[in-house]
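Notes follow the structure.
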There are 2 protein chains.
Amino acid sequence: MNSPQIDLRAIIKQEGLRYTQQREAVWLELQSSDSHRDAENIYFALRQKSINISRATVYRTIEILVKNNLVRKLDLGDGKNRYESKWGLTHHDHLICTKCGRIEEFFHEGIEEMQKEIAAQYNFTLTNHVHQLIGLCENCRADEA
Amino acid sequence: MNSPQIDLRAIIKQEGLRYTQQREAVWLELQSSDSHRDAENIYFALRQKSINISRATVYRTIEILVKNNLVRKLDLGDGKNRYESKWGLTHHDHLICTKCGRIEEFFHEGIEEMQKEIAAQYNFTLTNHVHQLIGLCENCRADEA
DNA sequence: AATTAGGTGAGATTCAATATCAATAAGGTT
DNA sequence: AACCTTATTGATATTGAATCTCACCTAATT
Ligand SMILES: [Mn+2]
Ligand SMILES: [Mn+2]
Ligand SMILES: [Zn+2]
Ligand SMILES: [Zn+2]
């Protein structure tokens, strides 16, 4: 939507990489909405905007963004990875409707703490976690009746 | 290990399906260990035991077992589904070591309850959840030093 | 402008999982 | 026990997300 609030160019260069049109385009596209999009979606969105890019480059660029903590990779269980920009967002986990695909975001401080306790109990060093609540959203539950 | 403690034949027939050697073999194989195995692993284990079966049938049979709540399907994030027999096991979630693949099981009543509360807050009908703590196990953390 | 090494894109490749369909076997009938 | 019907199986092809290959391109420095 607006100009990038993060100096991607600086981050890219700091990594010893080149700041290309494609890399900027993928980053801007990911920032342009707060939804959970797959690589194909990013690819088509860019082509629609007459931006020349290949699938391979979309995947490669996303990987760079993920490694630099600018983008989060999600496995929502439907066989393809989803991505969301981390810019301006705090950590959260997801509620997923299996019928319509609706995704809600939640955060629960208590659960976050308990995860740390559990990891400590098992002598695990926690680096990440996956927590998804699967079910039917309000609308879809009504449809079931 | 021992003979089946569940009357798979009855369950299969109740579904209007036929009780075949292959279906019995997959079920027995899944019961024979408490590990989290992928389809390929089941397939080779059976062939090793000179049981004639194809990959397709392994996949198809597992799906039947999953649908009948005898087996749990897990996505541990490595690109292939894992399966564990539900027989004799209570619900639990997993700690996963990203280095050695070690899997520990945990259960936390408090977290289970909080999940229900969160779902209620968002008007979701909870049918399932995915909860994995990702990190390094005791051994692998030591290796990092 | 010339140089050069990293980046890109079209297409091939991988790999788990599923689909196809002729051959087979489960299980009820006679 | 031989027979029939039809679900099931297995060899193979196919799908689809993701990655790899490598000739060509371009960002960035001189
Ligand atoms: Mn999110
Ligand atoms: Mn388990
Ligand atoms: Zn829904
Ligand atoms: Zn480990």
Side-chain angles (χ1 to χ4, degrees), chain A residues 7-30 36-68 71-83 101, chain B residues 7-30 36-47 49-68 71 73-83 101:
Chain A
D7 192 354
L8 180 63
R9 171 172 248 126
I11 295 172
I12 289 284
K13 299 219 115 180
Q14 192 174 349
E15 291 282 300
L17 304 173
R18 292 181 182 172
Y19 191 65
T20 66
Q21 302 182 336
Q22 289 84 350
R23 285 171 180 169
E24 181 180 52
V26 170
W27 171 236
L28 291 178
E29 185 58 37
L30 270 162
H36 306 82
R37 310 166 70 184
D38 59 33
E40 199 70 0
N41 181 290
I42 302 289
Y43 171 67
F44 279 121
L46 292 175
R47 307 228 79 171
Q48 204 99 41
K49 296 174 183 171
S50 304
I51 293 171
N52 267 348
I53 196 165
S54 65
R55 282 184 176 80
T57 296
V58 169
Y59 279 106
R60 285 184 291 228
T61 302
I62 289 175
E63 221 43 55
I64 293 172
L65 297 173
V66 168
K67 276 183 189 139
N68 286 84
V71 166
R72 181 176 178 194
K73 183 192 284 201
L74 299 169
D75 179 350
L76 267 37
D78 65 344
K80 48 192 165 184
N81 290 317
R82 309 255 165 186
Y83 306 93
Chain B
D7 191 354
L8 181 62
R9 172 173 248 126
I11 295 173
I12 289 284
K13 300 218 115 182
Q14 192 174 351
E15 291 283 299
L17 304 172
R18 292 179 183 176
Y19 191 65
T20 66
Q21 300 183 338
Q22 289 86 349
R23 286 171 179 168
E24 181 179 54
V26 169
W27 171 236
L28 290 178
E29 184 59 36
L30 269 162
H36 306 81
R37 311 166 70 185
D38 60 34
E40 199 70 0
N41 181 291
I42 303 289
Y43 171 67
F44 279 121
L46 292 175
R47 307 229 81 173
K49 295 174 185 171
S50 302
I51 294 171
N52 266 350
I53 196 166
S54 66
R55 283 185 177 80
T57 296
V58 170
Y59 279 107
R60 286 185 290 228
T61 302
I62 289 175
E63 220 45 52
I64 293 172
L65 297 173
V66 168
K67 277 183 189 139
N68 286 84
V71 166
K73 182 192 286 202
L74 299 169
D75 178 351
L76 267 38
D78 66 344
K80 48 192 165 183
N81 289 317
R82 310 255 164 186
Y83 306 93

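To find a chain, count down the sequence lines: A is the first, B the second, and so on, and within it residues start at 1.
Between A/E15 atom CD and C/dG6 atom C1' the separation is 14 Å, expressed in whole Å. Put simply, OH on A/Y43 is 14 Å from P on C/dT8, counting in whole angstrom units. Remark: P of D/dC20 and CZ of A/R60 are 10 Å apart, rounded to the nearest angstrom. Going from atom CG of B/D78 over to atom P of C/dC15 covers 14 Å, rounded to whole Å. If you measure from atom CG of B/N41 to atom C1' of C/dA17, you get 16 Å, rounded to the nearest angstrom. If you measure from atom CD1 of B/I51 to atom P of D/dT9, you get 13 Å, rounded to the nearest angstrom. B/D75 has its CG atom 13 Å from the C1' atom of C/dA17, to the nearest Å. To the nearest angstrom, P of D/dA17 lies 15 Å from CG of A/L76.
Phosphate contact (OP1/OP2 of D/dT19, side-chain N/O of A/Y59, threshold under 4.0 Å): absent. Put simply, B/Q22 has a side-chain N or O that comes within less than 4.0 Å of OP1 or OP2 on D/dG10. Residue B/N52 has no polar side-chain atom (N or O) positioned under 4.0 Å from OP1 or OP2 of D/dG10.
Across all strands, B/E40 comes closer than 4.0 Å to no nucleic acid atom at all (heavy-atom distances). Looking at heavy-atom distances under 4.0 Å, A/R55 makes no contact with the nucleic acid at all. Within the nucleic acid shown, A/D38 has no heavy atom closer than 4.0 Å to any nucleic acid atom.
The side chain of A/Y19 lies closest to D/dA28 when the candidates are C/dA17, D/dA18, D/dA28. Here D/dA27 is the nucleotide among C/dA19, D/dA27, D/dA18 with the atom lying nearest to any side-chain atom of A/Q21. In this structure, the nucleotide among D/dT8, D/dT29, C/dG6 sitting nearest to the side chain of A/K13 is D/dT29. Closest approach to the A/R23 side chain among D/dA18, C/dG9, C/dT8 is made by C/dT8 (side chain taken as heavy atoms from C-beta onward). Of the candidate nucleotides C/dG9, C/dG7, C/dA17, C/dG9 has the atom lying nearest to any side-chain atom of A/I53. With D/dC20, D/dA17, C/dG28 as the candidates, the nucleotide lying closest to the side chain of A/K80 is D/dA17.
Along DNA chain C, the nucleotide nearest B/R9 and the nucleotide nearest B/G79 are compared for position; the residue whose nucleotide lies closer to the 5' end is B/G79. Taking for each of B/T20 and A/S54 the nucleotide of DNA chain C with the nearest heavy atom, the 5'-most of the two is the partner of A/S54. When each of B/I12 and B/A56 is assigned the nucleotide of DNA chain D bearing its nearest heavy atom, the one mapping closer to the 5' terminus is B/I12.
Here B/E63 pairs with B/K73 in a salt bridge; the nearest charged N to carboxylate O distance falls below 4.0 Å. Of the charged side-chain nitrogens involved, none lies within less than 4.0 Å of a carboxylate oxygen, so that B/E15 and B/K67 do not count as a salt-bridged pair.
With A/R23 contributing its side chain and A/R18 its backbone, the two residues share a donor-acceptor pair below 3.5 Å.
Among B/T61, B/V71, B/I11, the one residue that satisfies the side chain to side chain contact (heavy atoms under 4.5 Å, CB included) test with B/W27 is B/V71. With B/I12 as the partner, the side chain to side chain contact (heavy atoms under 4.5 Å, CB included) test is satisfied by one option alone out of B/L65, B/I64, B/N68: B/I64.
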Side chain to side chain donor-acceptor pair (under 3.5 Å) between A/Y59 and A/R55, intermediate numbers included:
CA-CA 6 Å; A/Y59 279 106; A/R55 282 184 176 80; over 6 Å; no
